[in-house]
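Written out below as structure tokens is the structure these notes cover.
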Amino acid sequence: MAATVHHVSPDLYLIVLAPPISGFQNFIGAWLMVGPDAVFLVDVGPAATADQLVEAIAALGVDCLDYICLTHIHIDHAGAVGHMARQFPGTPVVCHPKGAPHIIDPERLWQGTVKTLGETGRAYGPMLPVDPSRIASEEQLASAPFQLLDTPGHSPHHYAIAAGDYLFAGEAGGVCLPLPSGDRYLRPATPPRFFLETSLSSIDRIMATRPKALCYGHFGLQPDGMNMLARHREQLLFWKNTLAVEAAGGGLAADDNINRWVDLLLKADPQLHGFSQLSPEVQVRERGFLSNSVKGFAGYLARLERNDNQTDE
Ligand SMILES: [Zn+2]
């Protein structure tokens, strides 16, 4: 299957990768920046779609990459990194120092993914290891035409990447889906263990660079980056306040509570209002991610009640 490629601006392509999972056809992608100073990838998608990515890059006439960058090492973003490192043998791989051990020896990451995601995890496909010599050196990074912003929250090993007018946000700004109405559906990506203050500081760190276009890990480019980040920041606080009232009743994180809270947020959170415009398969996918994000908040609020919200990262 060939990847769809969107030429989103003169120097930027979004290569849409389609893993064999229902509802995931317009959700995972790789950004290819063909800038005046360098050609680089941001995220590579799962191993299962490595061939789609390689073919799409070749079809664009690009035969050399200066960097392969990863926003974080979740398998839907980084799964194909070993395949891409083999395909482009001279290209340094840029990833967070806390993530590097997991791409050098991906076995634990793979086992963890299968354990948490089951069939979906297996459909992403197992990763190939990256040789430690391939991790970008300080010197290679010093001359890079992008800036790496340490942005933990969605994961402890997360970078947002600023390059010119673009900010590649990974999942530090949540997940944003364009809607047929022209509005956007915006959803927190806050799986356990989640620390609200860490995520808010990361958003602030991104906003301090005053980005123009925000390039989401999921999905696509939004030209009003600052507005979207402000919306997301407000959304995280709205979730905290809404769920804190609910959690005060006790019984935190029981599964029936999580479902009830997802329904509550779908009604109350204006950023989620586009949910009804999503296709049935995408609604199923989103409900799964919403539950996981609500679980992250439930854990955070439970620790807050116990006065035990030290980050362990
Ligand atoms: Zn992720």
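Every number for a ligand or one of its atoms is a count from 1 in the order of the listing. It should be emphasised that the depicted structure is a prediction, and the values quoted were computed from it without experimental measurement.
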Between the Zn ion (ligand 1) and [X], is there an N, O or S atom separated by less than 2.8 Å?
{"X": "His154", "result": "yes"}
{"X": "His77", "result": "no"}
{"X": "Glu171", "result": "yes"}

Need the atom name: nearest N/O/S atom of His74 to the Zn ion (ligand 1).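 In His74, the N, O or S atom with the shortest distance to the Zn ion (ligand 1) is ND1.
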Between Phe146 and Phe168, does the ring centroid distance fall short of 6.0 Å?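 Between Phe146 and Phe168, the centre distance exceeds or equals 6.0 Å.
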Looking only at side chains, do His157 and His102 share a donor and an acceptor under 3.5 Å apart?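 Side-chain D/A pair, His157 to His102: absent.
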Angle class for the Phe289/Phe27 ring planes (parallel below 30°, perpendicular above 60°, tilted otherwise)?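 Answer is tilted, since the angle falls between 30° and 60°.
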State plainly whether the residues Arg231 and Asp183 are in salt-bridge range, i.e. N to O under 4.0 Å.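 Between Asp183 and Arg231 there is a salt bridge, with a charged N closer than 4.0 Å to a carboxylate O.
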